[in-house]
Amino acid sequence: MAALIFDIESAGEDWTKIDEHTKKLLVERITRWHPEIEEETAMESAQNDLGFSPFTGEIVALGVLDSDTDKGAVYFQDNGKKVPDKEIDGVKLTAYSEKEMLLKFWELTDRYTEFVSFSGRNFDIPFIMLRSAIHGIRPKKDLMRGRYLYQQSPQAIHIDLYDQLKFYGAITHIGGLHLACRAFGIETPKDGEIDGSQITEYFRAGKIQQIAEYNARDLHATRLLYKKWKELLAF
């Protein structure tokens with residue numbers, strides 16, 4: 001049975017539009033843990049971290065890919081640029097609002113019982129679920145239920161490849177998707193001009209399509225890694 005591969009890209013709020021009290025809290029959170037850091041550096045770090053929290057960031061691209069057909073879509077925010085639809089290697093890039101892309105994702109989950117991510121338990125799914133709730137959308141499936149596969153609902157099995165390749169922490173450090181792909185001889189999506197740390201910068205600069213294309217490359221790489229895991233390591 002086919003699985004749904006998924007991946008998101010997130011960007012932080014515009015720092016200049018955040019109220020002063022919130023800015024103060026964000027900076028204090030950093031200086032509390034790193035008292036040696038100067039306030040100016042802490043403020044810069046706080047700005048760079050905005051996209052990693054669903055309370056100060058938003059989903060700007062959400063990609064989905066069928067594991068069998070290798071076809072899918074990347075929904076992305078066009079930020080009012082009216083970016084035309086495009087298709088790359090079987091993945092259709094289409095502009096939607098964040099709320100629309102979340103609704104489409106949850107509608108799509110009705111067709112699948114198995115879902116695949118890379119580090120999705122640590123980031124993608126909590127982010128998706130909280131951003132959905134913020135938009136008044138109730139998630140259709142609990143993809144955070146039970147860390148171990150046998151604990152999960154048969155209708156919502158979430159295979160986080162990062163967790164699987166670490167054997168749930170037996171190996172303390174394996175790096176990210178780039179290193180895993182490199183080790184298994186899979187073309188890495190991280191060799192392009194953009195990486196995850198630049199998403200907010202690219203989004204603010206209007207480089208929307210580059211973000212969507214980057215997300216599509218991640219989907220294809222994750223699918224190939226999933227095939228390797230399923231063939232060689234899954235029991």
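Values below: every heavy atom of this structure, side chains too, minus hydrogens, waters and symmetry copies.
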Reported CD1-to-CH2 distance for the pair Ile159 and Trp229, which is rounded to 0.5 angstrom: 4.0 Å
Residue pair Asp19, Thr22: steps toward the side-chain hydrogen bond (donor to acceptor under 3.5 Å, both in side chains) verdict: CA-CA 6 Å; Asp19 64 274; Thr22 300; 2.7 Å; yes
Heavy-atom pair with the smallest gap, counting every atom of Val116 and Ala3: CG2-CB, 3.8 Å
Heavy-atom donor-acceptor pair, Lys141 side chain to Thr109 backbone, under 3.5 Å: yes
Nearest-0.5 Å distance, OG of residue Ser132 to NZ of residue Lys140: 11.5 Å
Between His178 and Phe118, ring centroids under 6.0 Å: no
Side-chain donor/acceptor of Asp85 to backbone N/O of Thr94, under 3.5 Å: no
Separation of Leu177 CG from Asp7 CG (nearest 0.5 Å): 8.0 Å
Minimal non-hydrogen separation, Ala42 against Thr31, with atom names: CB-CG2, 3.6 Å
Short side-chain donor-acceptor distance under 3.5 Å, Asp70 and His220: yes
Short side-chain to backbone donor-acceptor contact, Asp78 and Ala95, under 3.5 Å: no
NZ (Lys227) with more than 12 external heavy atoms under 6.0 Å: yes
Minimum heavy-atom distance Thr222-Ser117, with the two atoms named: CG2-C, 4.3 Å
NZ (Lys166) with more than 12 external heavy atoms under 6.0 Å: yes
Any Ile186 side-chain heavy atom under 4.5 Å of Leu225 side chain: yes
Modelled atom types, side-chain donor and acceptor of Tyr112 and Asp66, under 3.5 Å: yes
Phe127 and Phe123 aromatic ring geometry - parallel, tilted or perpendicular at 30°/60° bounds: tilted
Any side-chain heavy-atom pair of Met129 and Trp106 under 4.5 Å: yes
Shared hydrophobic cluster, Ile194 / Ile208 (ILVMFWY, side-chain heavy atoms < 4.5 Å): yes
Trp15/Leu26 under side chain to side chain contact (heavy atoms under 4.5 Å, CB included): CA gap, chis, key distance, verdict: CA-CA 11 Å; Trp15 183 260; Leu26 294 171; 3.9 Å; yes
Distance-only side-chain donor-acceptor flag, Gln164 / Tyr168, under 3.5 Å: yes
Gln151 atom CD: more than 12 heavy-atom contacts under 6.0 Å: yes
Point-to-point distance, once rounded to the nearest 0.5 Å, from CG of Asn215 to CG of Leu62: 7.5 Å
Within 6.0 Å of NZ in Lys23, more than 12 heavy atoms from elsewhere: yes
Closest heavy-atom pair and its distance - Asp142, Ala156: O-CB, 4.1 Å
Path from Ile134 to Leu103 over hydrophobic side-chain contacts below 4.5 Å: no
Joint cluster assignment, Phe55 & Ile18, ILVMFWY side-chain distance < 4.5 Å: no
Glu231-Tyr226 side chain donor-acceptor pair, cut-off 3.5 Å: no
Pairwise side-chain contact, Tyr202 with Val60, heavy-atom cut-off 4.5 Å (strictly under): no
Separation between CE of Met101 and CG of Leu108, rounded to the nearest 0.5 Å: 14.0 Å
Hydrophobic cluster membership, Ile137 vs Leu130, 4.5 Å side-chain cutoff: no
Donor-acceptor contact below 3.5 Å, side chain Gln77 vs main chain Ile59: yes
Minimum-distance pair of heavy atoms, taken over all atoms of Ile211 and Phe203: CD1-N, 3.6 Å
Test item: Asp49 and Thr56 side chains (from C-beta on) under 4.5 Å apart, heavy atoms: no
Ser97 side chain to Glu100 backbone, donor-acceptor under 3.5 Å: yes
Aromatic plane relationship, Phe6 with His158 - under 30° parallel, 30 to 60° tilted, over 60° perpendicular: tilted
Side-chain donor or acceptor of Arg147 paired with backbone N/O of Arg121 under 3.5 Å: no
Working for side chain to side chain contact (heavy atoms under 4.5 Å, CB included), residues Arg131 and Leu102: CA-CA 8 Å; Arg131 291 304 298 174; Leu102 288 166; 4.0 Å; yes
Close side-chain approach of Met144 to Pro126, heavy-atom, < 4.5 Å: yes
Under 3.5 Å: donor-acceptor pair, side chain of Thr41, backbone of Ile37: no
ILVMFWY cluster, Leu65 and Ile88 together (side-chain gap under 4.5 Å): yes
Glu28 CD: over 12 foreign heavy atoms closer than 6.0 Å: yes
Shortest non-hydrogen separation from Ile5 to Ser67 and the atoms involved: CD1-CB, 4.2 Å
Reported CD-to-CD1 distance for the pair Glu44 and Ile30, which is rounded to 0.5 angstrom: 10.0 Å
Under 3.5 Å donor-acceptor, Glu114 side chain and Ile157 backbone: no
Side chain to side chain contact (heavy atoms under 4.5 Å, CB included) assessment of Leu50 paired with Thr200: CA-CA 9 Å; Leu50 291 174; Thr200 297; over 6 Å; no
Over-ring placement of Lys228 relative to Phe184, 6.0 Å and 45° cut-offs: no
Any Tyr75 side-chain heavy atom under 4.5 Å of Leu93 side chain: no
Verdict with supporting geometry, Val74 and Val64, side chain to side chain contact (heavy atoms under 4.5 Å, CB included): CA-CA 6 Å; Val74 173; Val64 288; over 6 Å; no
Whether over 12 other heavy atoms sit under 6.0 Å from Glu87 CD: yes
CZ/Arg182: more than 12 non-hydrogen atoms of other groups inside 6.0 Å: no
